[in-house]
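Structure first, then comments.
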Amino acid sequence: MAQKGPLPGFRDFYPEDLARRAAIFRAWRAVARRYAFVEYDGPPLEPLELYTAKSGDEIVGQLYNFEDKGGRAVSLRPEMTPTFARMVAARANALPKPVRWFSVPQLFRYERAQRGRLREHFQLNVDIVGEPSELADAELLCVAIDIMRELGLGPNDVRARVSDRRLLNALLGAIGVTEAQLGTAYGVLDKIERQPHDVSREKLAEAGLAPAQIERVMALPDISTLDDLERDFGQVETAKPAIAQFGRYLAHLHALGVEAWVDVDLAIVRGLAYYTGTVFELFDAKGELRAICGGGRYDNLLGQLGGVELPALGFGMGDVVLGELLKAHRLFDDDAVDGPDFWVVSTEHCAPASVLRAAASLRRMGYAAEYVLNEEKLRSQKSSAQIKAAERAGAVWLMVLRDDTRVEVRPLSRAPGGEARDGAEVLLHDLMEPERGLAVLAEAGVPAPRED
RNA sequence: GUGGCUGUAGCUCAAUUGGUUAGAGCACCAGACUGUGGCUCUGGGGGUUGCGGGUUCAAUUCCCGUCAGUCACCCCA
């Protein structure tokens, strides 16, 4: 069926698909800029070592890697963070802190494709470097949530689940979980919703936890408020600083006006080797899709990857799951593919050359202009047929050539104010010079061409 | 990489217990008509039923393989 399609896990973007992607990108960039982040980019192809150095060779199985013609081991980038770390590290001393950068890279991985998980996707990366304060953590999550808002989603559609590695470590320590048992405990919490509780208990028991400890670990996901934390662990001296810190984080989120979106969820784990502090994920409220977005604080990573000790935090938000969610909520514009601003219509009283002159003048002014691209039809096709084509192409205005000197500018259904308005007659001669042409069209009710 | 499910036109689907030239709607193209507008009408193109093999007088239908999609596992930086 799809034998001639793209490679497995890759996508063709037809105009309507690209329009949707562009809508997502627009929201990403608009919100990131609103929070004063600046955009950067790096190479889509990197040395393989950039990814194997810290993660080990086993991740090669997930990489889209190969040997180039120069014999170099290279890989398409599976994530942006190593590139980001390298770039920041190279100018670490010169960059004013905190660094607030974002990027929209296309990322690649060699895995079997599943729903919401392809071999290629675009992912917004937003990172802050050089700021240890919880204010930065709150700011970061707020960006992610504001993007949801920007796209038309609300707290009933999307939930932000937040946790903190430092907090969870303290709580597990209070329960008596040892350093060696930490990994198992994390794994169980991560899978608590997808795995039968009996299996979870069994795993914890195998790791050497006592029955009472197991029940306390299993109960951690029930904690959903700061009050719960205080009640269960407020008296534990070693947990107090982490609870207080987490409390400040939540308070900042409240002050930023996003508390309605946020759920405390200690079962949010994310990459073990990566995060050191706050972690969060955004999910659709129904819980039907994969995570829309995930991120957190990774204070050690720049030291590991770039050799500079700087606190850092960031998140990634992919276009695939987000696109599915927007589609499910019908938040994509139905005719997002831009039609021409003008469709120039010939009549029996005009020469085809006049149509071309009119279109050329519109294009000089900066408008998108189209007409029947067939000389025979330009000479003889009825204007009604051309108008039909104009509507179908998504045109906004008609320019009907009454004859070789006079044109009628008429709104189509997409024009501001709809199709109720009458057309205005304009002299073709007045359109030849762009500045005068724009003034004449403005008088006829046509807005200036879009800047982008 | 492992296992389950699925595979008919661009899309959504149909085709009696295996039985003639595999159909429909939408979309697309052409024309007519609407004396300037998404309507309506007529006609047309488009499928070696994912591909390959097997069973059978006969396969879209049954069996095997393969490719692709999908779900779960693994993994999620």
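Just so we're on the same page: letters track the sequence lines, and every chain starts at 1. All of these numbers come straight from a predicted model, not from anything done at the bench.
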(message) Checking side chain to side chain contact (heavy atoms under 4.5 Å, CB included) between A:S75 and each of A:T52, A:L48, A:L50, which is the one that passes?
(response) A:L48

(message) Tell me which one of A:V158, A:L282, A:V320 satisfies side chain to side chain contact (heavy atoms under 4.5 Å, CB included) with A:L325.
(response) A:V158

Given [options], which nucleotide is nearest the side-chain atoms of [X]?
{"X": "A:S413", "options": "B:U70, B:U36, B:G38", "value": "B:G38"}
{"X": "A:K377", "options": "B:A30, B:U70, B:C75", "value": "B:A30"}
{"X": "A:Q114", "options": "B:G3, B:C73, B:G38", "value": "B:C73"}
{"X": "A:R392", "options": "B:C28, B:C73, B:A77", "value": "B:C28"}

Atom-pair distance ([atom1] on [X]; [atom2] on [N]), nearest Å:
{"X": "A:K382", "N": "B:G37", "atom1": "NZ", "atom2": "C1'", "value": "14 Å"}
{"X": "A:R109", "N": "B:A77", "atom1": "CZ", "atom2": "C1'", "value": "10 Å"}
{"X": "A:H121", "N": "B:A77", "atom1": "NE2", "atom2": "C1'", "value": "10 Å"}
{"X": "A:F10", "N": "B:C67", "atom1": "CZ", "atom2": "P", "value": "18 Å"}
{"X": "A:R77", "N": "B:C76", "atom1": "CZ", "atom2": "P", "value": "21 Å"}
{"X": "A:Q381", "N": "B:U36", "atom1": "CD", "atom2": "P", "value": "14 Å"}
{"X": "A:F315", "N": "B:A77", "atom1": "CZ", "atom2": "C1'", "value": "16 Å"}
{"X": "A:R290", "N": "B:A77", "atom1": "CZ", "atom2": "P", "value": "13 Å"}

When rounded to the nearest Å, what value does the distance between [atom1] atoms of [N] and [M] take?
{"N": "B:U55", "M": "B:C64", "atom1": "C1'", "result": "11 Å"}
{"N": "B:G31", "M": "B:A24", "atom1": "P", "result": "23 Å"}
{"N": "B:C41", "M": "B:C57", "atom1": "P", "result": "49 Å"}
{"N": "B:A15", "M": "B:A9", "atom1": "P", "result": "15 Å"}
{"N": "B:U56", "M": "B:C13", "atom1": "C1'", "result": "29 Å"}
{"N": "B:U60", "M": "B:U21", "atom1": "P", "result": "10 Å"}
{"N": "B:U49", "M": "B:G19", "atom1": "P", "result": "16 Å"}
{"N": "B:G52", "M": "B:U20", "atom1": "C1'", "result": "26 Å"}

(message) Please determine whether ring-ring contact (aromatic ring centres under 6.0 Å, His included) holds for the pair A:F342 and A:Y371, giving the CA-CA distance in whole Å, both sets of side-chain angles, and the decisive distance to 0.1 Å.
(response) CA-CA 8 Å; A:F342 278 93; A:Y371 50 87; over 10 Å; no

(message) Between A:G9 and A:R117, which residue's closest nucleotide on RNA chain B lies nearer the 5′ terminus?
(response) A:G9

Taking a pair as Watson-Crick or G-U wobble with both distances under 3.5 Å, which nucleotide is matched to [N]?
{"N": "B:U49", "result": "none"}
{"N": "B:G23", "result": "B:C13"}
{"N": "B:A72", "result": "B:U2"}

(message) B:C33, OP1 or OP2 - any side-chain N/O from A:K388 closer than 4.0 Å?
(response) no

(message) If you compare every side-chain N and O of A:R270 against the phosphate oxygens of B:A77 (OP1, OP2), does one of them come in below 4.0 Å?
(response) yes

(request) Please examine the side chains of A:T81 and A:Y274, heavy atoms only from C-beta on, and report whether any two atoms are closer than 4.5 Å. (result) yes

(request) Kindly indicate whether the side chain of A:I292, heavy atoms from C-beta on, has any atom under 4.5 Å from the side chain of A:F283. (result) no

(request) Please work out if A:G116 contacts a base, only the sugar-phosphate, or nothing of the nucleic acid, heavy-atom cut-off 4.0 Å. (result) nothing

(message) Categorize A:T81 for me: base, sugar-phosphate, or nothing, with a 4.0 angstrom heavy-atom threshold over every strand shown.
(response) nothing

(message) Would the base of B:U36 count as contacting A:S383 through its side chain, where contact means a donor and an acceptor less than 3.5 Å apart?
(response) no

(message) Using a distance-only criterion (donor-acceptor N/O pair, under 3.5 Å, no hydrogens), is the base of B:G3 paired with the side chain of A:R112?
(response) yes

(message) Counting only heavy atoms and a strict 4.0 angstrom limit, can you tell me which residues of residues 353-363 of chain A come near RNA chain B?
(response) none

(request) Not counting sequence neighbours, which residues clear side-chain contact (heavy atoms from CB on, under 4.5 Å) with A:L438? List them please. (result) A:M365, A:Y367, A:P449

(message) Once side-chain contact (heavy atoms from CB on, under 4.5 Å) is applied, do any residues pair with A:P8, and if so which ones, sequence neighbours excluded?
(response) A:R119

(request) Quick one: closest heavy-atom pair of A:G314 and A:Y298, and the distance? (result) N-CE2, 3.4 Å

(message) Using side-chain contact (heavy atoms from CB on, under 4.5 Å), reason through A:D338 and A:R450 one step at a time and then give a plain yes or no.
(response) CA-CA 12 Å; A:D338 288 330; A:R450 294 189 314 176; 3.0 Å; yes

